[in-house]
Visitor: 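Take a look at the following structure, please.
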Amino acid sequence: MYTLTKELKDFHIHYPLEQIAPLEDILFLDIETTGFTAKNSSLYLIGTAFYEQGSWYIRQWFAENASQEIEILKAFSEMASFYKHLFHFNGNHFDLPYLSQKYAQYEITCNFDTFQGIDIYRRVSACKSFLKLPNCKQKTVENYLDIDRTDPFNGGELIDIYRNYTSSPTDSSREILLCHNFEDIKGMLQIIPILSYCDIFDGRARARKVQANQYRDFSGNTRRELLMTLVLPVSLPKPISAYANDCYFKAEGDQGILRVPIFEEELKYFYANYKDYYYLPDEDIALHKSIASFVDHEHRIPATAATCYTRKYSTYLPQWDVLVEPFFKRDYRSKSLFFELTDELKKDRAAFTRYAGHVLEMLSSSY
């Protein structure tokens, strides 16, 4: 077994990782194998990254032949026993199940359920469309963040290099194999700032300033919009923007701007228990039977779900799920929902913070 430990000098992760866990409790993991199933392939390299005494280090265990597979498994499990949080990239689908099967094969105890796990791939997947990524591969994320790597190979190409190495080992071949895994581990550390985009949608963005704005559209019509200045939980590595349902968001650094249309019109509030109401066609309104019973029979009819409403002219904001009640609609079958922008709401900064999160969630799911 060949073991290599390197310090990443002057290396810093530009993301507050310590907000997730103490840095000394975090272990990054990436493995290299000759196949996808543990039963029919070999594990030849385990790479880790860890924080110690103010520096990040990468440690790799390399099996120079198949007989050393058990050695690198034991070395990793011994080290992993000192950590509580395991970071990986798509490890839930490959690395961890593969390792678990290998440990079971050699009857070695290593329970990954004891770790708090962070799968960076899963976090990125939630923001993939919003960031306009073609896929969620680690190299794709690295390219998005303008991260360069010297390793030109992919995992599949290294299988033949390793098989040749086991029969005719050379320093150059071993260096190629170690370099790929080293770049994967280092790249995993470097892409951690991608989590700052995921943090935008977890409700931690705060509304710092809220104001109504008036403008003219391309047709010359006067429009109103809600303009919210947001403080983001973490500074973004690159500016972003998004547009959907007439809402616009742009952000750079730790500041964001969110624009949402304001509607001033008459909308309808629909009562749920329509069988308890009469509809008054002349008034175009529904009244509860306890009150409408005093209305002449010729001026009232039993309400239906579509006619059981009251009308109100006011100022409204859109919502895409029921965030604020009561909610209003233009007609019964309309999927568009609104809530009234009341004077009380205008003074509630916490409510606008919640609403900003609601709009951002809609923007994320629209891509």
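Any value given below was found using the heavy atoms of this structure, including those in side chains, with hydrogens, waters and symmetry copies removed.
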Visitor: Taking the six-membered ring where the residue is Trp, are the ring centres of Tyr83 and Phe115 under 6.0 Å apart?
Guide: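 Not under 6.0 Å, so no.
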
Visitor: What residue among Asn213, Ile262, Thr315 forms side-chain contact (heavy atoms from CB on, under 4.5 Å) with Leu226?
Guide: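 In the set Asn213, Ile262, Thr315, the residue that makes a side-chain contact (heavy atoms from CB on, under 4.5 Å) with Leu226 is Ile262.
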
Visitor: Under 6.0 Å from the ring centre and within 45 degrees of the ring axis: does the NZ or CZ of Arg259 meet both conditions for the six-membered ring of Phe249?
Guide: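 Relative to the ring axis of Phe249, which defines the angle, Arg259 lies outside at least one limit.
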
Visitor: Decide, yes or no, whether a salt bridge links Asp284 with Arg311 under the criterion of side-chain N to carboxylate O below 4.0 Å.
Guide: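 A salt bridge is present here (some side-chain N lies under 4.0 Å from a carboxylate O).
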
Visitor: Looking at His288 and Ser290, would you say the former's side chain and the latter's main chain have a donor-acceptor pair under 3.5 Å?
Guide: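 Confirmed, His288 side chain pairs with Ser290 backbone.
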
Visitor: Should the pair Lys312-Glu266 be classified as a salt bridge under the 4.0 Å nitrogen-to-oxygen rule?
Guide: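 Glu266 and Lys312: not salt-bridged.
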
Visitor: Have a look at Tyr316 and tell me which of Phe339, Phe328, Phe327, Phe263 forms a ring-ring contact (aromatic ring centres under 6.0 Å, His included) with it.
Guide: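 Exactly one pass, corresponding to Phe328.
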
Visitor: Go through Thr48 and Ile58 one step at a time and tell me if the side-chain contact (heavy atoms from CB on, under 4.5 Å) criterion holds.
Guide: CA-CA 6 Å; Thr48 61; Ile58 291 179; over 6 Å; no

Visitor: Assert yes or no for the condition that the ring centre distance of Phe130 to Phe201 is strictly below 6.0 Å.
Guide: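 Yes, they do, as the ring centres are separated by less than 6.0 Å.
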
Visitor: Under 6.0 Å between ring centres, would you say that holds for Tyr271 and Tyr269?
Guide: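 Close enough - the centres of the two rings lie under 6.0 Å apart.
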
Visitor: Of all heavy-atom pairs between Asn90 and Asp119, which one has the smallest distance, and what is that distance?
Guide: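 Looks like N-OD1, 2.7 Å.
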
Visitor: Can we say Glu142 and Lys137 salt-bridge, meaning some charged N sits less than 4.0 Å from an Asp/Glu carboxylate O?
Guide: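 So Glu142 does not pair with Lys137 through a salt bridge.
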
Visitor: Output, in order, the C-alpha distance, side-chain angles, deciding distance and verdict of side chain to side chain donor-acceptor pair (under 3.5 Å) for His299 and Asp282.
Guide: CA-CA 7 Å; His299 295 293; Asp282 294 339; 2.9 Å; yes

Visitor: Checking side chain to side chain donor-acceptor pair (under 3.5 Å) for the pair Glu225/Tyr248: CA distance, chi angles, key distance, verdict?
Guide: CA-CA 10 Å; Glu225 65 181 2; Tyr248 177 72; over 6 Å; no

Visitor: Between Lys238 and Glu252, does any side-chain N to carboxylate O distance fall below 4.0 Å?
Guide: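 The answer is no: the pair does not qualify as a salt bridge.
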
Visitor: Please assess Thr140 against Asn135 for the test side chain to side chain donor-acceptor pair (under 3.5 Å), listing each intermediate value before the final yes or no.
Guide: CA-CA 7 Å; Thr140 300; Asn135 56 62; 2.5 Å; yes

Visitor: Should the pair Arg204-Asp199 be classified as a salt bridge under the 4.0 Å nitrogen-to-oxygen rule?
Guide: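 Answer for the salt bridge query: yes.
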
Visitor: Closer than 3.5 angstrom, by distance alone: can the side chain of Gln319 be matched with the main-chain N or O of Leu323 as a donor-acceptor pair?
Guide: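 Such a contact is found between Gln319 side chain and Leu323 backbone.
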
Visitor: Can you hop from Tyr51 to Phe182 via hydrophobic side chains spaced under 4.5 Å?
Guide: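 In one cluster: yes.
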
Visitor: Does NZ or CZ of Lys329 fall inside the cone over Tyr332's six-membered ring, less than 6.0 Å from its centre and within 45° of the axis?
Guide: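 Geometry flag: set, cation within 6.0 Å and 45°.
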
Visitor: Cut-off 3.5 Å, side chains only: do Glu64 and Tyr165 have a donor facing an acceptor?
Guide: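 Yes, Tyr165 and Glu64 have a side-chain donor paired with an acceptor closer than 3.5 Å.
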
Visitor: Distance under 6.0 Å and angle within 45° of the ring axis: does Arg300 meet both against Tyr278?
Guide: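 Judged by the rule, Arg300 and Tyr278 form a cation-pi pair.
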
